[in-house]
Asker: 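Questions regarding the structure given below will be posed in turn.
The basis for the numbers below is simple: all heavy atoms, side chains too, and nothing from hydrogens, waters or symmetry mates.
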Amino acid sequence: MRLTVLMNAGPWLSVPPPGYGGIENVVATLVPELRRLGVRVVLASVGTSTLPVDERFSVFGDGQFAALQRPYNQVCGISQAHLDGVVRQLHARDDIDLVHDHVEAVGLATLAAMGPAGPPALHTLHWDLTKHPELYGNLDAGGRVRVNGVSASQLARAPGALREHSVGHVHLSTPLAVDADRAPRREKGDYAVVLGRITPGKGQDLGARLARRVGVPLVLAGPVGPYHRPADLAAAGDDARQNPDVRFFADEVAPHVDGELVRWVGTVAGRARDDLLAGARAAFFPLRWEEPGGTAVVEALALGTPVVATARGCLPELVEHGRTGLLTADEEELGELLLAASLLDPAECRREAATRFTPAVMAQKYLGLYEKVRQGAPARRLRAA
Ligand code: UDP
């Protein structure tokens, strides 16, 4: 019998995402591979998603990401409305063998609350697990909803009640890793790049300061809150400062952005993003938080770009110091490591990605977890029609 999985990507961005979008990128990478392995995929996303699937449904016509910047009491209904659509589907049909859920907190709570009326579910924890202690610290999902992390270090920091629901971790992957070891050598520029949301945890302020100190040109790529282009942020005026990432950028990062040695280029997507990353001497992660999964880290390796990073979160699991990158616990040393990164061999990075971070590797691991979750779950009791 073919396995049917309801893949719940959530209401925030289309799949694949138009540019920035860590979770949606994971879903867009995983689904084609699962389908190749014979899994039937029903995608719960937004109307603008274009990922080929067997069936799809949505509550919202397009991504609601921009609304995330509004106060909680104005936006808390969005993910609830999306989950309401998912629950209706689950009540209405009996062909879903498993839900693979990616919706922060609400997905987990809703599926757990369905109890035996719902199919077994795997909820992937894409975020920092010190968040939501009220939910994670006290979770009882009755054996039906299990969770997985995106790195061992992330799960190791999780509250005990959440860890008890865990079936392990699966590292993130990227389609760029397929045959990455056979890709031709790319010309390298002298610059480093920080690719990611501009936000305190990603440390763009520290990165910009250190790059200036050692004289390495630095490109900051990624959105500031809901603003994807410098012109949009400039046009937004003072109201934009309600957003904490906008305040962080304006107060801590922008003073280092001189448009020459340090540039903010906004969100880069598709080929432009790949070229920017592939041409860099280093992908720079001057982290101030425990990075849970690091999609951009595996993307950099796949494109033959060594990683220079704070040795925090998943970085030591993904990057081997001295071979595929340079890691340090000492923030101030990061600048010197940027200079040394050009001594590392891009081919080692690509080989590592082609071995460890391909979609096929990720999909096989998820299939294993789906099996584990289904075997451990008590039988489903469908609601009477
Ligand atoms: N990204 C992108 N363009 C940008 C900035 C980020 O395409 O300008 C992508 C990046 O390539 C990665 C994702 O957004 O696929 C960010 O995921 P990651 O796990 O690195 O960070 P987070 O989910 O914490 O933002």
Asker: For atom CZ of Arg93, is the number of surrounding heavy atoms from other residues, nucleotides or ligands below 6.0 Å larger than 12?
Answerer: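 Counting other residues, nucleotides and ligands, CZ of Arg93 exceeds 12 neighbours.
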Asker: What is the distance from atom NZ of Lys365 to atom CG of Leu30, rounded to the nearest 0.5 Å?
Answerer: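 Reported value, rounded in 0.5 Å steps: 12.5 Å.
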Asker: Distance alone, cut at 3.5 Å: any donor-acceptor contact between the side chains of Asp140 and His165?
Answerer: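 The answer is no; no qualifying pair exists.
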Asker: Drop me the distance from Phe248's CZ to Lys202's NZ, to the nearest 0.5 angstrom.
Answerer: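 One gets 11.5 Å once the value is rounded to the nearest 0.5 Å.
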Asker: Show your reasoning for whether side-chain contact (heavy atoms from CB on, under 4.5 Å) applies to Thr324 and Val307.
Answerer: CA-CA 7 Å; Thr324 56; Val307 170; over 6 Å; no
Asker: Mind checking the NE2-CE spacing from His102 to Met7? Nearest 0.5 Å is all I need.
Answerer: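 Spacing of NE2 (His102) from CE (Met7) equals 5.0 Å.
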Asker: Out of curiosity, Asn25 CG to Leu172 CG, how far, rounded to the nearest 0.5 Å?
Answerer: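 Asn25 atom CG to Leu172 atom CG measures 10.0 Å (nearest 0.5 Å).
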Asker: Could you go through the salt bridge (Lys or Arg N to Asp or Glu O under 4.0 Å) check for Glu332 and Arg209 one step at a time?
Answerer: CA-CA 10 Å; Glu332 292 303 316; Arg209 177 170 66 73; 2.9 Å; yes
Asker: Run the numbers on Arg35 and Asp54 for salt bridge (Lys or Arg N to Asp or Glu O under 4.0 Å), then give the verdict.
Answerer: CA-CA 9 Å; Arg35 293 181 76 219; Asp54 297 283; 3.1 Å; yes
Asker: Are Arg247 and Glu252 close enough, and set up right, to give a salt bridge (Lys or Arg N to Asp or Glu O under 4.0 Å), and what steps lead you there?
Answerer: CA-CA 8 Å; Arg247 289 199 297 277; Glu252 313 291 337; over 6 Å; no
Asker: Show the numbers, then the answer: is there a salt bridge (Lys or Arg N to Asp or Glu O under 4.0 Å) between Arg271 and Asp274?
Answerer: CA-CA 5 Å; Arg271 188 63 196 273; Asp274 297 351; over 6 Å; no
Asker: Looking only at side chains, do Tyr366 and Asn148 share a donor and an acceptor under 3.5 Å apart?
Answerer: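 Result is yes, a qualifying pair exists.
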Asker: Between Tyr370 and His100, is the gap from one ring center to the other below 6.0 Å?
Answerer: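 Here the rings of His100 and Tyr370 have centres that are less than 6.0 Å from each other.
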Asker: Specify whether His171 and His169 have parallel, tilted or perpendicular ring planes, treating 30° as the upper limit for parallel and 60° as the lower limit for perpendicular.
Answerer: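 Geometry flag for His169 against His171: tilted rings.
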Asker: Starting at CG of Leu195, measure out to CZ of Phe285 and round the result to the nearest 0.5 Å.
Answerer: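 One finds 6.5 Å between CG of Leu195 and CZ of Phe285.
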Asker: Check whether more than 12 heavy atoms from other residues, nucleotides or ligands sit under 6.0 Å from atom CZ of Arg312, and answer yes or no.
Answerer: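 It does: Arg312 CZ has more than 12 such atoms within range.
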Asker: Is the number of heavy atoms from other residues, nucleotides or ligands under 6.0 Å of Asn73 CG greater than 12?
Answerer: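 Yes, CG of Asn73 has more than 12 neighbouring heavy atoms, counting only those of other groups under 6.0 Å.
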Asker: What distance do Asp205 atom CG and Ile198 atom CD1 have between them, rounded to the nearest 0.5 Å?
Answerer: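 So the CG of Asp205 and the CD1 of Ile198 are separated by 10.0 Å.
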Asker: Answer yes if the side chains of Thr328 and Asp330 hold a donor-acceptor pair under 3.5 Å, and no otherwise.
Answerer: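 Looking only at side-chain atoms, Asp330 and Thr328 do not form any donor-acceptor pair under 3.5 Å.
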Asker: Does a sphere of radius 6.0 Å around CD in Glu371 hold more than 12 heavy atoms from other residues, nucleotides or ligands, not counting ones at 6.0 Å or beyond?
Answerer: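 Check passes, neighbour count above 12.
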Asker: Are side-chain N/O atoms of Thr4 and Asp95 paired as donor and acceptor at under 3.5 Å?
Answerer: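 Absent: no donor and acceptor within the cut-off.
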Asker: Between Thr199 and Asp245, do the side chains contain an N or O donor and an N or O acceptor separated by less than 3.5 Å?
Answerer: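 Note: Thr199 and Asp245 side chains meet the donor-acceptor criterion.
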Asker: Quick check: does any side chain N or O of Arg350 sit under 3.5 Å from a backbone N or O of Ala180, one acting as donor and the other as acceptor?
Answerer: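 Between the backbone of Ala180 and the side chain of Arg350 there is a qualifying donor-acceptor contact (under 3.5 Å).
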Asker: Does one side chain, of His126 or Glu104, offer a donor that lies under 3.5 Å from an acceptor on the other?
Answerer: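 No, no side-chain donor-acceptor contact under 3.5 Å.
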Asker: Mark yes when over 12 heavy atoms from residues, nucleotides or ligands other than Arg2 sit less than 6.0 Å from its CZ; otherwise mark no.
Answerer: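 For Arg2, atom CZ is crowded (more than 12 foreign heavy atoms under 6.0 Å).
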